[in-house]
Protein chains: 2
Amino acid sequence: MLQYQADLDRKFHALADPTRRALLERLGDGPAAVSDLAAPMDMTLTAVMQHLGVLEDSGLVRTRKTGRRRMCEIDAFGVTVVEEWIAHRKAQWERRFDRLGAVVSEAKSAREKRK
Amino acid sequence: MLQYQADLDRKFHALADPTRRALLERLGDGPAAVSDLAAPMDMTLTAVMQHLGVLEDSGLVRTRKTGRRRMCEIDAFGVTVVEEWIAHRKAQWERRFDRLGAVVSEAKSAREKRK
DNA sequence: GCGATACTTAAGCATATGCTTCAGTATCAG
DNA sequence: CTGATACTGAAGCATATGCTTAAGTATCGC
């Protein structure tokens, strides 16, 4: 549970940066090497490497070294926890709205009866 | 578009903290005053207020002052952008997997033909 | 009115984040 | 072999974050 929270922390944090989201979008088209990812970015290779480090630690991206290049790719299952957390929250809110709705219609039918 | 990115930044950042996620879960049961939210937390009221400030700035929570109390509630539409961003990414990855699948089956039928 | 309640504001502080530069090390290509 | 390429690692630095304490202000309940 503690580990679960830490995982969500890392994943939401990883997603909370426009550069990292751009990297994920680029990686959505397919695997790429660090320098390919860095080329269009307006910052140093080192900075991009650090962002990739955050993404990898969060489990959203996997990388492996081949020769002198490090290939990066999306870990498609990485976002699942995030998706599920949001889905659960929405379900909770909707249950509440349903109950509110029930109360409202009860009140309404009570008014009907008095007629 | 710039504003869109900043909005995602704020929302993902707001969600990247266990205390703030706990506040959202609590608010999922219905509106509550700041001190009610702070009571079960292991930190000062001021700290909880600051977390609520982050949540409100991000558009995930709305608050209004009634008397000396400040009531807080979920803004159910606040997460929509976040949900959609994730949905779009997943769709992108899946399109890619489909194309990969197509390539694989083309190669396979090419092998079949050679038989 | 007046003390208790519910925030509010400001300041301070330790740590984390997002960058940079610079000096490596490990491949690869000719 | 040798120079270019592709990272890697360590510092350093400005700003942001997550907290705290302390001193307000504005209701509320008796």
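Proteins get letters first, then strands, A, B, ... in listed order; numbering begins at 1 in each. No hydrogens, no waters, no symmetry mates; every other heavy atom, side chains included, goes into these values.
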Taking five pairs at each terminus, the helix from C:dG1-D:dC30 to C:dG30-D:dC1 shows an axis bend, to 10°, of 30°
*Any side-chain donor near an acceptor of the partner, A:R89 and A:Q92, under 3.5 Å*: yes
Value for CH2 (B:W93) from CG (A:D29), rounded to nearest 0.5 Å, stands at 12.0 Å
d(B:D42 CG, B:T19 OG1) to nearest 0.5 Å is 9.5 Å
Take A:D17 and A:V54 through the test side chain to side chain contact (heavy atoms under 4.5 Å, CB included) and record every step on the way to the result.
CA-CA 10 Å; A:D17 181 286; A:V54 172; over 6 Å; no
Worksheet entry | hydrophobic_cluster_shared for A:M71 and A:L24, side chain cutoff 4.5 Å | no
Note: contacts of residues 3-27 of chain A with DNA chain C (heavy atom, under 4.0 Å) are A:H13, A:D17, A:R20
Rounded to the nearest 0.5 angstrom, the NZ-CG distance for A:K11 and A:D57 is 11.5 Å
Smallest heavy-atom separation, A:L27 atom then A:C72 atom, equals CD2-O, 3.4 Å
### Message
Show, in sequence, the C-alpha distance, side-chain angles and deciding distance for A:I74 and A:V79, and conclude whether the side chain to side chain contact (heavy atoms under 4.5 Å, CB included) test is met.
### Response
CA-CA 10 Å; A:I74 295 271; A:V79 262; over 6 Å; no
Residue set satisfying side chain to side chain donor-acceptor pair (under 3.5 Å) with B:W85, at least two apart, ordered chain then number -> A:E25
First and last nt of DNA chain D near chain A, cut-off under 4.0 Å to heavy atoms, 5' to 3', are D:dA4 to D:dA10
Note: contacts of residues 38-56 of chain B with DNA chain D (heavy atom, under 4.0 Å) are B:M43, B:T44, B:T46, B:A47, B:Q50, B:H51
* Residue pair B:L52, B:T63: steps toward the side chain to side chain contact (heavy atoms under 4.5 Å, CB included) verdict -> CA-CA 9 Å; B:L52 284 167; B:T63 81; 5.6 Å; no
* Asked: Within the distance-only criterion (no hydrogens, no angle test), does the side chain of B:R70 pair as donor or acceptor with the backbone N or O of B:V34 below 3.5 angstrom?
  -> no
Heavy-atom contacts, protein to nucleotides 23-28 of chain C, under 4.0 Å, summarised as B (base), S (sugar-phosphate only) or - (none) per nt, yield ----BS
### Task
Would you confirm whether B:R20, through its side chain, and B:H13, through its main-chain N or O, come within 3.5 Å as a donor-acceptor pair?
yes
Heavy-atom nearest pair, A:G28 first then B:R96, reads O-CD, 3.3 Å
Yes or no on side chain to side chain contact (heavy atoms under 4.5 Å, CB included) for B:R21 and A:D9, after CA distance, side-chain angles and deciding distance?
CA-CA 10 Å; B:R21 286 196 305 274; A:D9 284 2; 2.8 Å; yes
Under a 4.0 Å threshold between the charged nitrogen and the carboxylate oxygen, would B:D36 count as salt-bridged to B:R26?
no
